[in-house]
Novice: 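Got a structure for you, questions after.
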Amino acid sequence: MKLYSILILDKQLSKARILASSFDLSSFGYFQRSSVQEFMNFTAGTISERTASGQRQSIESEHNVAHVYAHPRGFYGVIMSDKEYPSRVAFSLLNKILDEFLVKFPSDRLNPPLHYPELASYLAKYQDPKQADNIMRVQNELDETTAILHKTIESVLERGEKLDSLVDRSEALSSQSKMFYKTAKKTNSCCVVM
């Protein structure tokens, strides 16, 4: 699971413009990074222009997904990730980022590019969605607990099988000792010891 970029855009005369962005292109080759970033900027702009206000959508392309949320106030959040990244986490992050962005930057002070360092910290924090998202963290803990319980139940069942085996052996030993006692009594009864 990998997040590649977070972008915030607005639309002026049906043309999208990037207000703030942050990228993590370390998984791409050094010479590819500028063209990958340019492609992500173009894709984010195109998707934003085609997304209606208040709508969320995810667009897949080969091994990547672009998640876009069009805020009702005319701002767009776009996250580029790989296909494994959970869309629920991406959209909750977009909600959070756009709400904070609108508080920090009123509409009258928008001269791009805006200095919004929180995008870089969100990009780093949400690389592992299980740690950043509470529901995924709880689900991960439940999965770990379930695995531990399965191991515990298996070991208890194995012990139960061993206990059944011991009971069977002790019953067999008990019956053999009774037979030995009877045989010894018969053997000793025929001979008198002086």
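If you're wondering where the values come from, they're calculated on a predicted model, not measured in any experiment. Index from 1, following the sequence.
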Novice: Mark yes or no for whether Lys11, through its side chain, and Glu49, through its backbone, hold a donor-acceptor pair below 3.5 Å.
Specialist: yes

Novice: Flag the pair Leu93 / Leu3 as yes when at least one side-chain heavy-atom distance between them is below 4.5 Å, and no otherwise.
Specialist: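 In short, these two side chains touch, coming nearer than 4.5 Å.
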
Novice: Let me see the working for Met40 and Asn64 under side chain to side chain contact (heavy atoms under 4.5 Å, CB included), right down to the final yes or no.
Specialist: CA-CA 11 Å; Met40 288 182 182; Asn64 304 315; over 6 Å; no

Novice: Once side chain to side chain contact (heavy atoms under 4.5 Å, CB included) is applied, do any residues pair with Glu62, and if so which ones, sequence neighbours excluded?
Specialist: none

Novice: I'd like to check the side chain to side chain contact (heavy atoms under 4.5 Å, CB included) partners of Gln57; sequence neighbours left out, ordered by chain and number.
Specialist: Ile47, Thr51, Gln55, Ile59, Val68

Novice: Let me confirm one number: the NZ-NE2 distance from Lys104 to His115, rounded to the nearest 0.5 Å.
Specialist: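 Separation between the atoms: 6.5 Å.
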
Novice: Scan residues 25-38 for pairs that pass salt bridge (charged side-chain N to carboxylate O under 4.0 Å, His left out), counting only residues two or more places apart or in two chains.
Specialist: none

Novice: Are Tyr126 and Tyr116 connected in a single hydrophobic cluster, I mean Ile/Leu/Val/Met/Phe/Trp/Tyr linked by side-chain heavy atoms less than 4.5 Å apart?
Specialist: yes

Novice: Side chains of Ile79 and Tyr85: closer than 4.5 Å at any heavy-atom pair?
Specialist: no

Novice: Ignoring hydrogens, what is the shortest heavy-atom contact between Met80 and Ala44? Give both atom names and the distance.
Specialist: CE-N, 3.8 Å

Novice: Donor-acceptor pair, Asp99 side chain versus Leu102 backbone, under 3.5 Å?
Specialist: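 Absent.
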
Novice: Which heavy atom of Ser48 sits nearest a heavy atom of Leu9, and at what distance?
Specialist: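 Closest heavy-atom pair between Ser48 and Leu9: OG-CD1, 3.7 Å.
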
Novice: Ser174: what forms a side chain to side chain donor-acceptor pair (under 3.5 Å) with it, not counting sequence neighbours?
Specialist: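 Side chain to side chain donor-acceptor pair (under 3.5 Å) check on Ser174 returns nothing, list empty.
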
Novice: Could you work out, with side chain to side chain donor-acceptor pair (under 3.5 Å) as the rule, every residue matching Ser58, not counting sequence neighbours?
Specialist: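 Partners of Ser58 by the side chain to side chain donor-acceptor pair (under 3.5 Å) criterion, ordered by chain and then number, come out as His67.
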
Novice: Are Ile97 and Tyr69 connected, step by step, through hydrophobic side chains (Ile, Leu, Val, Met, Phe, Trp, Tyr) whose heavy atoms are closer than 4.5 Å?
Specialist: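 They do share one cluster, since a chain of ILVMFWY contacts under 4.5 Å joins Ile97 to Tyr69.
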
Novice: Quick check: is Phe75 connected to Phe105 through a chain of hydrophobic side chains (ILVMFWY, heavy atoms under 4.5 Å apart)?
Specialist: yes

Novice: Met179: which other cluster members, linking ILVMFWY side chains closer than 4.5 Å, directly or transitively?
Specialist: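 When side chains under 4.5 Å apart are linked, Met179 ends up in no cluster with other residues.
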
Novice: Does Val78 share a hydrophobic cluster with Val36, counting links as ILVMFWY side-chain heavy atoms below 4.5 Å and allowing steps through other members?
Specialist: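 Hydrophobic grouping puts Val78 with Val36.
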
Novice: Kindly write out the residues that satisfy side chain to side chain contact (heavy atoms under 4.5 Å, CB included) with Arg17, not counting sequence neighbours, or none if the list is empty.
Specialist: Asp10, Gln12, Leu19, Leu110, Pro112

Novice: Can you list everything that forms a side chain to side chain contact (heavy atoms under 4.5 Å, CB included) with Glu60? Sequence neighbours excluded, please.
Specialist: Val65, Lys83

Novice: Not counting sequence neighbours, which residues clear salt bridge (charged side-chain N to carboxylate O under 4.0 Å, His left out) with Glu100? List them please.
Specialist: none

Novice: Which residue pairs pass the ring pair (Phe, Tyr, Trp, His ring centres under 6.0 Å) test when at least one of the two sits in residues 1-58, sequence neighbours left out?
Specialist: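 Passing the test, one end in residues 1-58: Tyr4-Phe28.
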
Novice: Can you measure from CG (Leu119) to OG (Ser5) and round to the nearest 0.5 angstrom?
Specialist: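 Leu119 atom CG to Ser5 atom OG measures 10.0 Å (nearest 0.5 Å).
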
Novice: Going hydrophobic residue to hydrophobic residue with side-chain gaps under 4.5 angstrom, can you get from Leu98 over to Ile6?
Specialist: yes

Novice: Keeping to residues at least two apart or across chains, list the salt bridge (charged side-chain N to carboxylate O under 4.0 Å, His left out) pairs with something in residues 20-32.
Specialist: Lys2-Asp24

Novice: Got a sec, which residues hit ring pair (Phe, Tyr, Trp, His ring centres under 6.0 Å) with Tyr122, two or more places apart in sequence or on another chain?
Specialist: none

